[in-house]
K.L.:
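Next up is a structure, given as structure tokens.
Both ligands and their constituent atoms are indexed starting at 1 by order of listing. Just so you know, these numbers use all the heavy atoms, side chains as well, and skip hydrogens, waters and symmetry mates. Just so we're clear, the structure is a prediction, and the values are computed from it rather than from any experiment.
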Amino acid sequence: MPIYEFHCNRCNKDFEMLIIGSDKPSCPVCKTDDIHKLMSACGFTSKGEQGQTTRASAGQSSCAGCSAGSCASCGH
Ligand SMILES: [Zn+2]
């Protein structure tokens, strides 16, 4: 299913939309087409990048792969 993640340049809302054919997507909130497509692979959005920064600074964690002490989220 061609579901893409978009970011609205007008209201700064992130949303996912199913794109069929050459449909022109628009923001579901403010209806503008002033939006741009995000890279949605595996959640590497702008929010994900911020999470990575947080993880990198948490060097005292027992797990190198995540910032959670229990490592329940990353399986290590
Ligand atoms: Zn919008």
Side-chain angles (χ1 to χ4, degrees):
M1 296 291 276
I3 297 179
Y4 297 101
E5 190 168 359
F6 294 91
H7 177 84
C8 176
N9 294 324
R10 183 175 294 180
C11 66
N12 290 323
K13 170 87 175 167
D14 293 334
F15 56 95
E16 293 177 343
M17 188 161 291
L18 174 64
I19 303 301
I20 300 174
S22 58
D23 278 1
K24 180 80 173 171
S26 59
C27 175
V29 178
C30 63
K31 311 300 184 188
T32 184
D33 60 359
D34 183 16
I35 61 178
H36 64 264
K37 186 159 63 176
L38 300 174
M39 303 300 291
S40 59
C42 298
F44 279 109
T45 64
S46 57
K47 279 178 263 182
E49 289 171 11
Q50 289 173 359
Q52 282 186 320
T53 302
T54 302
R55 258 196 324 241
S57 62
Q60 295 175 346
S61 170
S62 60
C63 173
C66 71
S67 60
S70 64
C71 295
S73 61
C74 73
H76 287 178

K.L.:
Specify the closest pair of heavy atoms between K37 and F6, including all atoms of both residues, with the distance to one decimal.
P.N.:
CA-CD2, 3.6 Å
K.L.:
What is the number of protein N/O/S atoms located under 2.8 Å from the Zn ion (ligand 1)?
P.N.:
4
K.L.:
From D33 CG over to K31 NZ, what is the distance, rounded to the nearest 0.5 angstrom?
P.N.:
12.5 Å
K.L.:
Please find the pair of heavy atoms, one from F15 and one from I35, that lie closest to each other, and give the distance.
P.N.:
CZ-CD1, 3.8 Å
K.L.:
Not counting sequence neighbours, which residues clear side-chain contact (heavy atoms from CB on, under 4.5 Å) with N9? List them please.
P.N.:
H7, D34, H36
